[in-house]
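Values in this document were obtained by computation on a predicted structure and should not be read as measured data.
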Amino acid sequence: MAKTDIIVFDFETGSRNPYRTQPTQLAALALDGRNLKLKGTFNSEIRPILDDQKAIELRLDPLEDEALKITRKTREGLAKAPLLKTVWKKFIAFVEQHNWQGSAFFAPIPAGFNIINFDMVIIDRLCREYGPLDEKRGTQKLFHQIYKIDVMDNLFMWTEGDPNVKSISMDSMRERMGLSKENAHDALQDVKDTANILIKFMKTHRTVYRNLKIEKAFADGERYV
């Protein structure tokens with residue numbers, strides 16, 4: 001399985017609902033599944049539908065001023081960005097060059113922060129609209145069909161017993177891990193920070209796993225599950 005590459009990716013969006021939001025930026029890093037070294041980078045802003053009424057007619061959320069403020073984007077700047085369909089086509093090519101057998105089950109493993117409940121929802125939407133789509137199953141076939149790495153869930157497993165950790169938001173983890181908050185909420189910077197955290201934990205997992213034995217795991221040390 002370590003032969004499979006990992007794509008760490010992130011969307012910046014114009015609202016919070018992944019089923020209706022309009023992407024304004026998409027960035028990604030490709031990691032070698034064997035040694036976790038960087039293999040490639042993707043980054044592009046995306047031109048959304050700037051006419052609020054037209055967006056509503058298409059059952060999309062209009063851009064929210066608060067979202068633009070957080071991501072430091074402007075309507076004027078986004079108007080000059082490439083269209084979603086154009087960016088998506090280039091992103092497909094980026095991902096598929098890291099599919100070493102050209103099959104959905106050997107496609108790169110998607111990774112990111114809170115991707116299961118947010119970014120992968122957008123991926124599914126875009127695959128239904130522009131492809132690639134598994135017509136029989138009605139699901140995306142850009143990324144691996146089974147595995148997903150959500151760094152937020154992984155962080156919960158590592159931090160849930162620490163009373164000093166009040167939040168596992170990306171900003172909180174930047175502070176905990178000694179990462180700068182400069183350029184936070186830019187998709188490429190978020191991807192770089194997420195990848196750094198992911199690599200650190202994956203290397204730790206690999207080291208710990210070699211000597212890990214499940215023995216008397218219950219709290220009283222006497223019972224097995």
Side-chain angles (χ1 to χ4, degrees), residues 1-13 16 18 25-43 70-71 95 98 107-124 140 143-225:
M1 190 165 61
K3 293 180 180 179
T4 306
D5 287 343
I6 299 167
I7 303 288
V8 185
F9 74 97
D10 181 56
F11 284 101
E12 296 299 340
T13 61
R16 296 182 180 182
Q25 186 183 5
L26 173 57
L29 298 180
L31 303 178
D32 190 307
R34 294 163 296 183
N35 54 34
L36 304 177
K37 291 184 178 180
L38 180 66
K39 295 182 70 175
T41 304
F42 180 92
N43 183 36
I70 290 172
T71 59
V95 174
H98 299 287
I109 297 172
F113 198 91
N114 192 30
I115 62 165
I116 291 176
N117 293 317
F118 193 82
D119 301 84
M120 284 305 297
V121 174
I122 301 174
I123 291 290
D124 287 337
Q140 66 84 22
F143 287 109
H144 200 284
Q145 297 298 285
I146 300 173
Y147 304 114
K148 302 175 185 66
I149 304 173
D150 197 317
V151 175
M152 185 178 73
D153 288 351
N154 193 287
L155 283 169
F156 172 78
M157 290 291 292
W158 280 89
T159 62
E160 54 84 27
D162 185 349
N164 296 315
V165 175
K166 307 301 181 184
S167 168
I168 56 170
S169 69
M170 193 62 194
D171 285 339
S172 295
M173 287 301 105
R174 282 189 177 97
E175 186 174 347
R176 166 65 179 80
M177 303 288 181
L179 298 170
S180 172
K181 291 185 179 181
E182 186 176 358
N183 294 326
H185 304 294
D186 170 80
L188 183 58
Q189 187 61 54
D190 288 353
V191 162
K192 289 178 180 179
D193 291 343
T194 301
N196 271 289
I197 295 171
L198 171 66
I199 291 168
K200 186 66 175 179
F201 277 109
M202 286 191 73
K203 287 182 176 180
T204 303
H205 292 169
R206 291 177 178 184
T207 300
V208 172
Y209 170 77
R210 293 187 181 96
N211 300 311
L212 184 65
K213 293 182 180 179
I214 305 300
E215 183 179 358
K216 297 182 179 180
F218 272 53
D220 59 15
E222 296 179 359
R223 301 191 182 102
Y224 291 95
V225 175

Value rounded to 0.5 Å, distance of CD1 in I70 from NE2 in H185: 6.5 Å
Work out which heavy atom in T4 is nearest to a heavy atom in A107; give both atom names and the distance. CG2-O, 3.3 Å
For side-chain contact (heavy atoms from CB on, under 4.5 Å), just list the numbers for N196 and M177, CA-CA rounded to whole Å, side-chain angles, deciding distance to a tenth of an Å, and then say yes or no. CA-CA 10 Å; N196 271 289; M177 303 288 181; over 6 Å; no
Could you tell me whether a side-chain N or O of E12 sits under 3.5 Å from a main-chain N or O of T71, the two making a donor and an acceptor? no
Should the ring pair F9 and F143 be called parallel, tilted or perpendicular, given that the plane angle runs from 0 to 90° and is split at 30 and 60? parallel
Under 3.5 Å: donor-acceptor pair, side chain of T204, backbone of K200: yes
Please round to the nearest 0.5 Å and tell me the distance separating atom NZ of K39 and atom CG of D5. 3.5 Å
Interatomic distance, H144 atom NE2 to I149 atom CD1 [nearest 0.5 angstrom]: 10.5 Å
D119 side chain to F11 backbone, donor-acceptor under 3.5 Å: yes
T41 and L188, any side-chain heavy atoms less than 4.5 Å apart: yes
Does NZ belonging to K181 count more than 12 external heavy atoms closer than 6.0 Å? yes
Would you give the length of the straight line joining atom CD1 of I7 to atom CG of L31, rounded to the nearest 0.5 angstrom? 7.5 Å
Measure across S167 and S169 and return the closest heavy-atom pair with its distance rounded to 0.1 Å. OG-N, 3.1 Å
Residue pair L36 / R206, side-chain heavy-atom distance below 4.5 Å: yes
What pair of heavy atoms forms the shortest contact from T194 to V151, and how long is it? CG2-CG2, 3.7 Å
Start with the C-alpha distance between F201 and L155, add both sets of side-chain angles, then the distance that settles side-chain contact (heavy atoms from CB on, under 4.5 Å), and finish with yes or no. CA-CA 9 Å; F201 277 109; L155 283 169; 3.4 Å; yes
Could you check Q25 against N43 for side-chain contact (heavy atoms from CB on, under 4.5 Å), going step by step and ending with a plain yes or no? CA-CA 8 Å; Q25 186 183 5; N43 183 36; 3.0 Å; yes
If you draw a 6.0 Å radius around CZ in R16, do more than 12 non-hydrogen atoms from other residues or ligands fall strictly inside? no
Taking N183 for its side chain and D186 for its backbone only, find out whether a donor-acceptor pair lies under 3.5 Å. no
Indicate the atoms forming the closest heavy-atom contact of I122 with T13, along with that distance. CD1-CG2, 3.9 Å
CG of L38 to CG of D32, rounded to nearest 0.5 Å, is 10.0 Å
Of all heavy-atom pairs between L198 and A111, which one has the smallest distance, and what is that distance? CD2-CB, 4.1 Å
M170 vs I197, side-chain contact (heavy atoms from CB on, under 4.5 Å): CA-CA, chis, key distance, verdict: CA-CA 10 Å; M170 193 62 194; I197 295 171; 3.9 Å; yes
So which heavy atom on P108 is nearest to which on V95, and how close? CG-O, 3.6 Å
So, D10 side chain and D190 main chain: donor-acceptor pair closer than 3.5 Å or not? no
Is a donor on one side and an acceptor on the other found under 3.5 Å between the side chain of Q145 and the backbone of Q140? yes
Donor-acceptor under 3.5 Å (T159 side chain, D162 main chain): no
What's the separation between atom CD1 in I123 and atom NZ in K148, rounded to the nearest 0.5 Å? 11.0 Å
